[in-house]
Amino acid sequence: MPVIQLPFNFRPRPYQLPFFRAMDGGLKRAVLVHHRRAGKDKCAFNYMAKESFKRVGIYYYFFPTYNQGRKVLWDGIDRDGFKFLDHIPKQLRKGDPNQTEMKLNLINGSIIQVVGSDNVDTIVGTNPVGCVFSEYPLQDPSGWDFVRPILRENGGGAVFPYTPRGKNHGYDLYAMAKDNPEWFCQLLSINETYGQGGTVGPDEVEAERKSGMSENLIQQEYYVSFDAAVENAVFGEQMHKARTEGRITNVPYQSGLPVNTYWDIGRDGTASWFTQAVRNEVRVIDYFESFQSQLDIDLSELQKKGYVYGTHYFPHDGDYKDYKTGKTPKEIASNLGFSVEIVDKIGKQAQIDAARALFNRCWFDEKKCQRGIDALSSWYFAWDEKMRILSPLPVHSWASHGGDAFCQVALKHEDQDTWMPRDKYTKKPKRRFSAWAA
């Protein structure tokens, strides 16, 4: 068999060469924050292909969803008509690709598989030595949390190619990596790539602007701004404003003031927000989430938190009987001593509108609500490229549970009718939350 050089049928653009050199030099982690159409996935896939022949093992290419992985990479074709998978020539494959599992077996024993982070359970028990997390800001960060200790133990590598989606876990990863000598970190807008092999320049961006693309989206997609409001995020503007106004901060539990919880209960996951009301302020002090757990176990976790609870608001299906237990979620919670109220079902858009209206009065605890804040920042509407409009309903993803649960807050929250007594933080009554927030 003739010698085949990897990367195959791929020449890195000048701005991609530092990444390859850094990883070939011994680094195991990389964050590539690149603008739209910079060739992020083609670069990362060819790096993975090369690595799979340097070290035999399992390699996972993660996308936010299984379907997105099939569309972008497994069935993907570049502008020149070249298929992504053909960067691994047939001579190096063992048998035909597994279309159902999106898996390539290679002649040296390595396996490359495209995976949706919306179904991480499919890889439980495996031992990957290399992973790519494409569009990480849209992914469930628990996927990285799951494989991180495995890669640390076996010396494997991880690459994160993405475009910003506001200041969520994608931003946190970049902020950590940019000053970490164990990570290669690169942020590139069109200003850095145009004339260096990049295909997008100022003229193309101006054409997008004239055709109606918003300035926020232009700053995000082409100038890789983490500060731009995420327009296709359900709560993009609201989260952006909450950050700029300092309403994501330290929000301690105030003893003596009841804590209400607001739930989304699903077969694949459950989420709950914890709030305290102080006049017209909504203090969001905690967040809880579980996956494929039993409700009685989830409720026992709430009991451990030590809060004095008021009412627990369940969604409309909290009155639906589970065929396994023969009980409704409301019955299970009531039997454990919880006071439960069922929220009437209304349309999704009406729920979202109510939540958006409530946002200006919400203060979030940055640490205890981190997972929920990521969910609110990441819940998004799909963009129809052909019609150039957003879908009417949010995409169902890992972030949906936190988003749906927060909508329940908006539907049932009640402001405090009477002025609160003095508390241990201020020693005297305060009329502004920011006056005592640490």
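This one's a predicted model, so the numbers in the text were calculated from it and none came from an experiment. Heavy-atom basis, side chains included; hydrogens, waters and symmetry copies ignored.
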Side chain of H169, backbone of Q139: donor and acceptor closer than 3.5 Å?
yes
If you look at every heavy atom in N46 and P7, which pair is closest and at what distance?
OD1-CB, 3.7 Å
K94 atom NZ: more than 12 heavy-atom contacts under 6.0 Å
no
Would you call the rings of F133 and Y136 parallel, tilted or perpendicular if under 30° counts as parallel and over 60° as perpendicular?
perpendicular
Side-chain donor/acceptor pairs under 3.5 Å, residues 177-187, sequence neighbours excluded:
from	atom 1	to	atom 2	distance (Å)
N180	OD1	E182	N	2.9
Q186	OE1	H34	NE2	2.8
Q186	NE2	Y15	O	2.9

Does NZ or CZ of K305 lie under 6.0 Å from the centre of the six-membered ring of F274, at an angle within 45° of the ring axis?
yes
Show me, pair by pair, the donor-acceptor contacts under 3.5 angstrom made by side chains of residues 345-356, not counting sequence neighbours?
from	atom 1	to	atom 2	distance (Å)
K348	NZ	D404	OD1	2.5
Q349	NE2	D353	OD1	3.0
Q351	NE2	I346	O	3.0
R356	NE	V234	O	3.1
R356	NH2	V234	O	2.9

Side chains of D298 and S293: donor-acceptor distance under 3.5 Å anywhere?
yes
Applying side chain to side chain donor-acceptor pair (under 3.5 Å) as the test, list every pair that has at least one member in residues 154-167; sequence neighbours left out.
K40-T163, N127-N154, R165-E221, K167-D227
Who passes side chain to side chain donor-acceptor pair (under 3.5 Å) against S397, sequence neighbours left out?
none
Sequence neighbours left out, cut at 3.5 Å: what donor-acceptor pairs do the side chains of residues 197-204 make with other protein atoms?
from	atom 1	to	atom 2	distance (Å)
T199	OG1	R37	O	3.4
E204	OE1	G201	N	2.8

Residues forming a ring pair (Phe, Tyr, Trp, His ring centres under 6.0 Å) with F82, sequence neighbours excluded
H87
